[in-house]
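One structure is given below, encoded as structure tokens.
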Amino acid sequence: RVKPNWRKPRGIDNRVRRRFAGSRPMPTIGYGSDKRTKFLLPCKKYKFRVENVRDLDLLLMHNHRYAAEIAHTVSSLKRKAIIERAKELAVGVTNASAK
């Protein structure tokens, strides 16, 4: 979801909509990300949210394209099991050092 401060202004006297000098740039489609690189992490992989060890098995054949991201609701005990299983499957974990 887009933050409320990045919406197209619609007021009749709005300075941004009227494009006065010194005002903020107006939100346009040109500020969007490139389709080929949208949602890509700096490590050139996409995020895949993992909540248990079984979710990691889905990444078995896709470990070059996706990186696992452990959900914030997972406890530290299960988090250790997920990280250990990810090492066995050679799946990268983006937030392995959390908690």
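Since the structure is predicted, the reported quantities are computational estimates derived from the model, not experimental observations.
- Checked by atom type and distance alone, the side chain of Arg17 pairs as donor or acceptor with a backbone atom of Ile12 at under 3.5 Å.
- Rounding to the nearest 0.5 Å gives a distance of 5.0 Å between CZ of Phe48 and CG of Leu59.
- Environment of CZ in Arg65: sparse, with no more than 12 heavy atoms of neighbouring residues, nucleotides or ligands closer than 6.0 Å.
- Within the structure, ring-ring contact (aromatic ring centres under 6.0 Å, His included) pairs that include any residue of residues 10-34 comprise Trp6-Tyr31 (at least two apart or interchain).
- Applying the salt bridge (Lys or Arg N to Asp or Glu O under 4.0 Å) rule to Asp34 yields the partners Arg36; only residues at least two apart in sequence or on another chain are considered.
- Considering only residues two or more places apart in sequence or on other chains, Lys8 meets the side-chain contact (heavy atoms from CB on, under 4.5 Å) condition with Arg10, Met26.
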Side-chain polar contacts of residues 82-99 - donor-acceptor pairs under 3.5 angstrom, sequence neighbours left out - could you list them?
residue	atom	partner	partner atom	Å
Arg85	NH1	Glu88	OE1	3.1
Arg85	NH2	Asp57	OD1	3.1
Thr94	OG1	Ala68	O	3.4
Asn95	OD1	Ile70	N	3.0
Asn95	ND2	Ile70	O	2.9
Lys99	NZ	His72	O	3.3
Lys99	NZ	Val74	O	2.9

Can you give each donor-acceptor pair under 3.5 Å made by side-chain atoms of residues 38-47, sequence neighbours left out, with the distance rounded to 0.1 Å?
residue	atom	partner	partner atom	Å
Lys45	NZ	Asn63	O	3.2

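- Sequence neighbours left out, not one pair with a member in residues 71-83 passes salt bridge (Lys or Arg N to Asp or Glu O under 4.0 Å).
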